[in-house]
Amino acid sequence: MALHTEPFILNIGPVHPSTHGVFRIRATLDGEVIVDIEPVFGYLHRGVEKLAEQRTYTGIIPLTDRMDYITSMSNNLAYVLAVEKLAKVKVPERAEYIRVIMAEMQRICNHLVAAGAFINDCGAFFTPFLYMFREREKLMDLFEMVSGQRLTYNYMRVGGVSQDLPAEFLPALRKFLKEMPAHIAEYERLINDNEIFLARSRMIGILPKELAINCGISGPVARASGVKWDLRKADPYGIYDRFEFDIPTGTVGDANDRYTVRIAEMKQSLRIIEQAVEKIPAGPVISDVPKVLHPPVGEAYGHLEGPKGELGFYLVSDGGIAPYRFHVRPPSLINLTALRQMLIGWKIQDAITIFGSIDITMGEVDR
Amino acid sequence: MTVALAGKDIGPQIEKALPGSVLESAPGYVMLKPEFLVQAATFLKNDPAMAFDYLNFVTAVDYYDYFEAVYQVTSMTHNHTLMFKTRCYNRVDPVIPSIINVWQGADFQEREVYDLLGVYFEGHPNMKRIFLWEGFEGHPLRKDYL
Amino acid sequence: MTELFANPWFHWAFYTVLLISFALGAVMGLIYIERRGMGRMQSRLGPNRTGPFGLLQAVADAVKVLLKEDIVPANADKVVHWLAPIVAFVPVLLIFAVVPFMNGAMLADLNIGILYVFAIGSISSVGIFMAGWSSSNKYSLLGAMRDVASIVSYEIPLVLAIIGVVILAGSLSTNEIVKAQANIPFILLQPLGFIIFFAAACAEINRSPFDLLEADSELVAGFHTEYSGMKFAMFYLVEYAEALAMCAIISTIFLGGWQGPVLPPWLWFLVKTFGMFYVMVWTRTTFPRVRIDQLMALAWKFMLPLALINIVVTAIEVVIWPTPAGLPWVLIIVNFAVAGILIVTWSRLMKYGWGRVETTLR
Amino acid sequence: MKLHFGNGLLKGMLVTIKQNLRHPTVTQYPEQRLNTSRRIRGQELVWNKTRCTGCATCAKACHQGAIQIVTATNTENNKYEVETYRVDTGYCIQCGICVEACPYDALFMGARYEKAKYRRAELVENKEQMADSLDRPVSGYFHPERAEKLPVQTLLVEKINEDRSKE
C-alpha cells in the first residue's frame with residue numbers, strides 16, 4: 001500500500017537567516033524535495049524610481065547608494081555614466097582612473113561578501129565569512145578614507161568624482177594589493193578543496209548557458225554558465241579598454257562554478273587596480289558641470305558591469321532638473337528569473353545553496 | 001565596443017520581414033505596432049543577422065496620453081544592441097503583448113511594469129503585482145498618481 | 001571512608017550529586033571553550049566581558065535565558081511541548097552513570113556499560129522529535145524528522161565501530177575497557193574505528209558538519225525554533241551535555257580514559273574529554289554542513305561497510321596476535337595502513353552532484 | 001571525478017588552527033577607538049554663524065528636505081540675518097551634498113557619530129546646537145584645509161601588519 005503523502009508548503013522567508021534580506025520563497029515541498037517555488041518580492045520596496053523623479057540629478061546619487069548597499073560605488077558609477085551619456089559630459093582623465101579603482105575595489109568587496117555568504121549558506125559556521133569580512137573591512141577603510149562613509153559612499157558625481165584621493169590613499173591601497181593575493185590563497189586553502197563543500201556545491205543548481213542568456217542573466221552567474229560576456233570587454237565604458245584582464249568563465253554553471261568565478265574575478269580586479277594605480281595621472285577630478293543639471297530632452301541607457309551583473313539606468317529627460325523617468329535595470333532581480341528552473345527537484349538545503357550562489361541584495365531587487 | 005544599431009537601418013528590415021509592423025524608424029529606436037510586437041521580437045531574435053539573444057531591460061514610460069514600452073536588446077554573437085518601443089494609447093486599461101515567450105528575462109520586469117505603471121502584458125502566465133501587495137490601489141509610477 | 005562508600009545508598013547519593021554537578025558545570029566550560037576557541041579560530045576574540053576572560057559569560061547567558069518569557073505557540077501540543085526538553089535531557093544525564101572518572105569511580109560499573117550508553121543515549125532523540133512535532137512549526141518538524149533519520153542511521157556505524165574495541169578489550173564494561181588500555185590507547189589500534197566513531201558521534205549528537213536538525217542557515221533553529229526561556233535553556237544544555245557525554249565516552253574507549261602518567265587520573269580524564277571537545281569545535285569551525293541524503297549515504301554506503309570491515313580485520317588480528325606484549329608496532333602500522341587504504345579507496349566510489357529528484361506535483 | 005577524501009578537510013583544518021597564532025582582527029570598541037576617516041560624514045552638521053549668508057543653497061540642495069532656513073532683516077541694525085536654521089538629523093542621510101553646495105564654506109559635516117536619541121523630536125537640531133565649537137569637531141569632508149589638521153585614519157591594513165611584526 002502506497003503511503004498517502006501530501007505536498008507541504010514552506011515559507012522560506014521573509015525573515016530567515018539565509019534569504020540575504022527580506023526575500024520570501026514560497027516553496028512546495030514533497031518531503032525535503034522542492035516541487036514548486038514562487039519567489040515573493042517587495043518587502044523592501046521603497047519606490048526609488050518614483051522618488052528619483054522628484055529629485056535633482058545630483059540628489060539621486062545618494063538614492064543609488066541605497067539600492068544595492070553592498071556595491072554602492074558601482075551603483076553611483078552606473079547612474080553617473082547614464083547621466084553623462086544623457087547630458088554629454090566629459091570626464092577628466094584622473095577621475096576616470098579613480099572610477100576604475102573604486103569600481104574594482106567595490107567588485108572585490110562584493111565578491112568577498114558573496115563568496116562568504118555562499119559558503120555560510122552551505123553550512124560553514126561563519127569562518128570563511130569572517131575571514132572574508134576581514135579583508136572587506138580593509139577595503140571599507142579605504143572607501144571611508146576617500147568618501148567619508150563606509151557603506152553609502154555617494155562619491156561619484158556627474159562629470160567626475162566629488163573629491164580627489166587623499167595623499168595617504170595610494171600607499172595604503174598598494175599595501176592592500178600586496179597582501180590580498182595571500183589572503184585569497186588562504187580562502188582557497190580553507191574551502192576550495194573541502195570535500196563537504198564540493199559535495200554541497202558541485203553539479204548543484206546547474207544553469208544551462210542558453211537558459212542563462214534567455215533569462216537575461218548577467219555577471220558572474222552568467223559567466224559561470226560559460227557565457228563569455230563582460231561589459232568591461234564587450235562595451236568598454238570609461239577607460240576599461242586600456243587595461244589588461246581576463247574574463248574568468250565556468251564550465252558547467254553549477255553553484256561551485258559561480259563561487260570559483262567570483263574568486264577568479266577578484267584576482268582580475270586586483271590586476272586592474274594594479275595597472276590603474278601605476279598609470280593614474282594628476283589633474284582635476286571633476287569637469288565643469290553646473291550644480292543643477294539640465295540635460296537636453298532625450299533618453300539614455302547607461303550600463304556597466306556591476307559586481308552582480310549588468311547594472312543599467314534608463315533615463316528619460318524632459319529638460320527639467322529632475323529625470324522624467326528613472327528606470328533601473330537591477331541585476332539582482334533579473335538574475336532571479338531562472339530561480340524556479342534552478343531550484344525544482346533539489347532539496348531545501350540545496351535551495352539555500354543555489355539561492356546563495358546567485359548573490360542578490362534585496363535592496364536592489366525591491367528598490 | 002557594442003555597436004548601437006540605428007533604428008533607421010533596422011526599421012526597414014523589420015518592415016520588410018513583417019509588412020506594416022513599423023510605425024517609426026528614429027535614429028535611436030524602432031517604434032513597433034503593438035500587434036506585431038511578439039512577431040517582430042521573434043524575428044529580431046531568430047534572424048541570423050540580428051540574433052538579439054539577450055534582453056537588457058523592459059520598461060515603460062508614462063507620457064500622459066500614451067504609455068511607451070521600451071525594450072533594449074543585445075546580441076552577444078554580433079555585439080550590437082537595439083532599442084525598440086511600442087505604444088499603447090489606452091489609459092484606463094492599457095494592454096501590450098508580452099514577450100516572455102521570446103525572452104524569458106522579461107518575466108519579472110513585465111510584472112514590475114504592470115505593478116508600478118499598470119500596463120497589462122497579455123500572454124504573461126503570471127501577471128500580478130510583484131512589489132506591492134495584492135489589492136493596492138493605483139499604480140505609483142504613473143504621473144497622475146500622487 | 002571506604003566503609004562509607006561500601007554503603008550502596010551513600011555511593012548512589014554521592015555520585016548522583018557529583019554527576020549532576022559535573023554535567024552542569026562542565027557544560028559551562030564547554031560553552032566557554034566553544035565560543036572562545038571558535039572566536040580565536042575565526043580571527044576574533046569571543047566573549048570576554050563578563051567576569052575574568054569572559055568566564056562568566058555562560059552564567060550570564062543562563063540567567064538571561066531563565067528570566068525570559070516562556071512562550072508556547074498557540075497551536076502547539078502543550079503537554080508534549082512541555083515534556084520534550086525533559087525527555088531529551090534525562091537520558092543524557094543517565095549516560096554519565098557509566099563514565100569512569102578514575103579506576104572504579106563511577107556510579108554503576110555495569111558489565112554491559114557500552115551497550116547501556118547507546119541504549120540510553122538515543123532516547124533523547126525522542127525528546128527532540130517530541131519538540132519538533134509539538135511545536136506545530138514546519139521548520140521544527142523538518143528538523144526533527146532529520147534528527148530521527150540521522151539517529152536511526154548513525155546508531156549502526158556507531159555501535160559497529162565500538163565492537164573492534166570490545167574485541168580487543170574483551171569486555172563491555174567501560175572500566176574494564178579503560179584498564180585494557182594500560183599499555184596503549186585504542187586509538188592507535190583502532191584508527192578506523194576511531195574515525196568512524198567520531199564522525200558518527202558528531203552525527204548522533206548533531207554537531208557540525210552533521211548538525212542538520214538545527215541547520216541555522218536553512219532551518220532557522222530546527223526543532224527548538226519555537227522554544228524560549230527555560231525550555232530553550234534545557235535544549236541548549238542537552239546539546240552540550242550530549243557533546244560532553246560523547247567526548248567522555250570517546251576518551252574512555254579510545255584515548256585511555258583516566259590512564260596516563262604524572263597527572264592524577266581524574267585530571268587526565270578531564271583533559272582528554274575537553275581536548276576531544278576542542279577537536280569538535282575545530283571541525284565545526286572549518287566544515288560546511290552535509291546534505292540530508294549525503295548524510296544518509298555517508299552512514300550506509302561509507303561508514304557501515306567500513307565498520308564491518310574493521311570488525312573483520314580486528315578479529316583476524318586478535319586471532320593472529322592474541323596478546324600483544326608491549327607496544328605492538330606491527331599492529332599499529334597495519335591498522336593505520338588498512339584505515340588509510342580503505343578510506344581512500346572507498347571514497348572513490350562516492351561522486352559529486354547527485355541528489356536531484358525529478359518531481360511532479362501530485 | 002577524483003576524490004581523495006579528507007585531503008581538503010585537513011587543509012582547511014590547518015588554516016583554521018593556524019589562526020590561533022595570529023592576532024585577532026577585532027577592536028574592543030568603547031575602550032579602544034580607532035581614528036575615523038578625516039572625511040568622515042558624522043551624524044551631525046556643523047554650521048558657522050558668521051560665514052552663513054542665509055542664501056539657502058544648502059536647503060535647496062538637500063533632497064531629503066531636512067534643512068529649514070528662515071532669514072529676516074533685523075530692523076535694529078538693518079542687517080540681513082538667519083532667523084532659523086534647523087536640521088532634522090532624523091531625515092538627514094549624511095550624504096554631504098549640502099556641504100558641497102555651500103558657496104561660503106559655512107556648513108561642515110560633523111565628525112561625531114554616537115548621537116542616538118530617545119525621541120524623534122530630539123533629533124531636530126537648531127542654530128545653537130549646530131554652532132561651530134570646540135566640542136563639536138568638524139570633519140574634513142569637502143574641506144581639505146580642515147582635513148589636514150585632523151588625526152590620520154587608523155587603517156586595518158596597517159594595523160594588522162604592525163601587530164604581526166611585533167609577534
Inset, instruction - Apply the test side chain to side chain contact (heavy atoms under 4.5 Å, CB included) to residues B/E112 and A/F41: give CA-CA distance (whole Å), side-chain angles for both, the deciding distance (0.1 Å), then the verdict. - result: CA-CA 10 Å; B/E112 185 190 334; A/F41 312 93; over 6 Å; no

Inset, instruction - Might you work through the side chain to side chain contact (heavy atoms under 4.5 Å, CB included) test for B/M76 and A/K228, ending with a clear yes or no? - result: CA-CA 9 Å; B/M76 283 187 177; A/K228 210 172 168 68; over 6 Å; no

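- In this structure, the portion of A/Y301 lying under 4.5 Å from any heavy atom of chain B is its side chain and not its backbone.
- Top candidate by heavy-atom pairs under 4.5 Å with chain A, chosen from B/T74, B/L132, B/D107, B/I130, is B/I130.
- Residues B/Q72 and A/H303 fail the side-chain proximity criterion, which asks for heavy atoms closer than 4.5 Å.
- More than 12 heavy atoms of other residues, nucleotides or ligands sit less than 6.0 Å from atom CD of B/E134.
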Inset, instruction - Determine, step by step, whether A/E310 and B/Y54 satisfy the side chain to side chain contact (heavy atoms under 4.5 Å, CB included) criterion, reporting the C-alpha distance in whole Å, the side-chain angles of both residues, the deciding distance to 0.1 Å, and the verdict. - result: CA-CA 12 Å; A/E310 180 190 340; B/Y54 178 82; 3.1 Å; yes

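- For A/I334, the part lying near chain B is the side chain, with the backbone staying farther off; criterion is any non-hydrogen pair under 4.5 Å.
- With a 4.5 Å cut-off on non-hydrogen atoms, B/V70 touches chain A through its side chain but not through its backbone.
- Looking at B/D53, its side chain never comes within 3.5 Å of a backbone N or O of A/N214 through a donor-acceptor pair.
- Both tests pass for B/K143 against the ring of A/Y324: distance under 6.0 Å to the centre and angle within 45° of the axis.
- Interface residue A/L211: only side-chain heavy atoms are found under 4.5 Å from chain B.
- By the 6.0 Å contact criterion, CZ on A/R46 is enclosed, its count of non-hydrogen atoms from other residues, nucleotides or ligands being greater than 12.
- Residues of residues 55-68 of chain B lying under 4.5 angstrom from chain A, judged on non-hydrogen atoms, are B/L55, B/N56, B/F57, B/V58, B/T59, B/A60, B/V61, B/D62, B/Y63, B/Y64 in numerical order.
- A/E210 does not touch chain B: none of its heavy atoms, backbone or side chain, sits under 4.5 Å away.
- Each of A/A338, A/G42, A/A212 has some count of heavy-atom pairs under 4.5 Å with chain B, and the biggest count is that of A/G42.
- With a threshold of 4.5 angstrom between heavy atoms, A/E49 approaches chain B through its backbone and through its side chain.
- Contact of A/V227 with chain B is made through the side chain alone, with heavy-atom distances under 4.5 Å.
- Close approach to chain B, defined as a heavy atom under 4.5 Å from one of its heavy atoms, is seen in no residue of residues 237-245 of chain A.
- Checked for salt-bridge contact, A/E38 and B/K128 meet the test: a charged N lies under 4.0 Å from a carboxylate O.
- Residues A/L333 and B/F131 meet the side-chain proximity criterion, which asks for heavy atoms closer than 4.5 Å.
- The number of heavy-atom neighbours closer than 6.0 Å to CD of B/E35, taken from other residues, nucleotides and ligands shown, is above 12.
- Taking NZ of A/K50 as the start and CZ of B/R142 as the end, the distance is 11.0 Å to the nearest 0.5 Å.
- No side-chain heavy atom of A/C215 sits less than 4.5 Å from a side-chain heavy atom of B/W103.
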Inset, instruction - Show the numbers, then the answer: is there a side chain to side chain contact (heavy atoms under 4.5 Å, CB included) between A/H45 and B/L116? - result: CA-CA 11 Å; A/H45 180 64; B/L116 302 180; 4.0 Å; yes

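- For the residue pair A/P39 and B/F108, the shortest heavy atom distance occurs at CG-CZ, 3.8 Å.
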